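Treat the numbers as computed from the prediction; the structure is a model and nothing was measured.
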Amino acid sequence: MRKLLLLNFLLLSLTFARAQATREISSPDGTIKLIVQAGDRLRYSVYFKNQLIVSPSEIDMALSDGKKLSDGLSRPQFTTRSVNETIISPVPEKRTHIPDRYKELKINLPNAFSVIFRVYNDGVAYRIATSFPGNMIIRSETAAFRFPANHPVYFPEVAPPSGMDIYHTSFEEPYTIKPLEHIYARNLLCSPVLVAPKDSPKIGITESDLEDYPGMFLSGNAEKALFGHFAPYPAEEIETKELYSTRYVSKRADFLAKTKGTRAFPWRVLIIAPEDKDLPGNDLVYRLASPSRVPDVSWVKPGKATDEWIITSNIFNVPFKSGINTATYKYYIDFAKRFGFERIMMDAGWSDNNDLFKINPDIDMDEIMAYAKSKGIGVSMWTLALTLDKQLEPALAQFSKWGVDFIMTDFINRDDQKAVQFYYKIAEACARHKIMLMFHGAFKPAGFNRTFPHAIAREAVLGSEYNMWSTKATPDHNVLLAFIRMLAGPLDYEPGMLNNATPKGFHAMPENVMSLTTRTQQLAMFVVYESPIQFFAGNPSQGLNEPAFMELLGSIPTVWDTTRVLDARLGDYVVTARKKGSDWFIGALNDSTARELLIPLGFLPDGIFQATICEDGANADRYPADYRISEATLTSKNTLTLKLAPGGGFMARLRRQ
C-alpha cells in the first residue's frame, strides 16, 4: 500500500512538474497564441485564432565545450511582461511613429542559458541569451520551424558558386515556389522566405538584430519543416586579385562563432499575415532590432540619386565623349539639379578598384566637387569592400575632405561571423565621419538600419542591373519583392529604366538596357519599394526628353510619415499609399497579367486633393514605354480605377489644396 501511495505521489509530482514546464502567452489583441514546452527539448508552437499554424518546433544551442541549452530544462524559471511603446524612426522608410506592442515570456535556465519569446499582433519572435563568464565558442544552433501541413514556400535559393563553397553568395536570386516536403538539406535558402498556406495566415521567416554571429539561411529535410542553417566560422581566407577583388573562405572551422559569453543572439522571427496586404507594410524586424547607436543623426539626409553604372554612362545628345570622366559627371549633376535629386553617385571606375587613392586620370575630382557644391548637389562614391577595409580611415578622411556624404561598398558576398563583423566595423567608422552608407553584394538588413540609421539601405535583391545580362527581373519577381524581401528592411532595386520592352521584344543588352516592365511600373517602384536612398538608374539623356515624367519622379519622397497597403495579392499585384506632410503618393505594381483594380480613397482625410496621375497607356501591352500623365481633382469619396497592363503599374501624387 505504501509503495502504491508513493508511486501515485511520484506520478502526480511528475505530472505537476510537466504542467509547470508549459507556458502560454498571447498577443495584445488575443489573436496569436504561443505555447512553450520545456521538457526533454525546448519547443514552441503557434496558434492563430485557435488554429495551429506552427507545430511544436525545437530550439537549442550547443557550445564547443559540450554545454547545451537543452541540458538546463529540468528547472526553468518563467517571467512575463507587457510592453506598449512607440518607436520614433529618425529615417522612416515606412512610418515615423511605430507602435511597439507585445507580450514577452522569458525562460531562465540554471545552466546560464535563457530564451526570450515575444508575441505581437503581427508575429512571434524568440532569441537565445547566455550569461557565461569570458568568451565562448558556439558549435551549433537548432532553429526549427515546423508546420501542420505541406504548405507552399516562396524562397530564393543560393546557386552554388564556382570555386568557392555554398556560403558565398550575393543574396540576389529569383523566387522559387515549392511545397515544404520538396525542400531538402542540400537546398540553401536565403531568408526571408514565405510559407503560404491556402486557408490560414501566411508566415514570413527571417531574423533581426544580427550581430557578431552568422546570418540565418534555411534548409529542409523533406519534412513539413524548415531549419536554420548557418555558415561555419572562417578558419582560412584567401584574397583574389581581379577587377572586383574579394576575400573568400578557403577553409571553415567546425563551429559557428567565437563570441562573448554574456550576450543575446539574433531574433528568430515569424511574421504572421492573415491577409496578403499585411506583408508589404510589416515592420516587425525593425521593431526587434537594437535602438540607434548613433546619438546624433541630424546629418543623415535621405533622398534620390542618379547612378550611371547600369547604363554605363551611355548618355547622348552631348558635345563631349561620354564615359567615366569629368564632363559626364557634371552632366549628371545638372540633371540631378533639374529634377530635384539630392545627389549623384560616382560608381565603379572613378578610381582603381583596388586603390581608392589612384584616381581615374579622366576625372578631375576637385572640379567635380566644386561644381556639385555650386549646384547644391551631393556626391556619393562607390567602393570595393576589400579595398575600403584596407584603406578605411584615410579613405573616409579623404571623402570628408571632398564633402562626400554617402558611400556604397560592394562585393562582400558572405554572412558568416567575420563578414557580419565587417558591417559593424564599417558602420561605426562611417558614423564617426558622418558619412551615410549602403552595402551591396550584401545580406538582408535584419534591423541594422535601426541600429545604425545612417546605414540607410541594402541591396540583397535581384534588381535592375540583372536586365543587363538576363531575363530574371520579371514583373512577377518585382511584385514578390514587396511581399518577401521587403520584410527584412529597405532594398536598393535601382528603378527608373526608361527603355521598356515586352517579353517578346526584350533583349539583354548592356549600354542600352531594357526592363521587362512598363514605364509606369518603373515609376511606381519609387513608391512601393522602400529605400531612404532611391537611385534612378535610367538614362538621363532620355529623361531630359520627357520632363513631365521626370518632374513627377523627382517629386517622390524617399522617407514617409505613414504607409498604408491598400490592396495586394501575393505574386499578382500590390497597391501602396504613402504620406509625406499633407501629400499622398500611391504606387501599384502588377505581374504579367493585365487587370483592373478599384481603389477607394476613403483613407484620405477630408479636403480636396489635386492629383497628378501616371498610368499605363492604351498600348502599353505592346509598347511598354507608353504612359499617360493626367490631372484630376479627388476627395476621400472617390474611387480610382487602375487599368494595369501586363508588367504594368500606376503612380499618383495627391497634393492637398
Can you name the side chain to side chain donor-acceptor pair (under 3.5 Å) partners of [X], sequence neighbours left out?
{"X": "Glu157", "answer": "Asn187"}
{"X": "Ser245", "answer": "Asn354"}
{"X": "Glu104", "answer": "Arg81, Arg118"}
{"X": "Asp65", "answer": "Lys67"}

Query raised in the report: Between Arg247 and Asp389, does at least one N-O distance fall below 4.0 Å, as a salt bridge requires?
Result: yes
Query - Arg414/Asp416 ion pair, N-O < 4.0 Å - result: yes
For [X], give me all partners under side chain to side chain contact (heavy atoms under 4.5 Å, CB included), at least two apart in sequence or on another chain.
{"X": "Ala488", "result": "Pro192, Thr206, Lys444, Pro445, Arg485"}
{"X": "Asp347", "result": "Asp307, Glu308, Trp309, Met345, Trp382"}
{"X": "Pro160", "result": "Ile166"}
{"X": "Arg432", "result": "Glu393, Glu428, Ala429"}

Under 3.5 Å, sequence neighbours excluded: what are the donor-acceptor pairs made by side chains of residues 397-406?
unit_1	atom_1	unit_2	atom_2	d
Ser400	OG	Leu396	O	3.1
Asp405	OD1	Arg343	NE	3.4
Asp405	OD2	Arg343	NH2	2.7

Query raised in the report: Is the NZ or CZ atom of Lys330 both under 6.0 Å from the centre of the six-membered ring of Tyr371 and within 45° of that ring's axis?
Result: yes
Identify, with sequence neighbours excluded, every residue that meets salt bridge (Lys or Arg N to Asp or Glu O under 4.0 Å) alongside [X].
{"X": "Asp364", "result": "none"}
{"X": "Asp352", "result": "none"}
{"X": "Glu173", "result": "none"}

Report task. Describe, in one word, how the ring planes of His168 and Tyr248 are oriented to each other, choosing from parallel (under 30°), tilted (30 to 60°) and perpendicular (over 60°). Result -> perpendicular
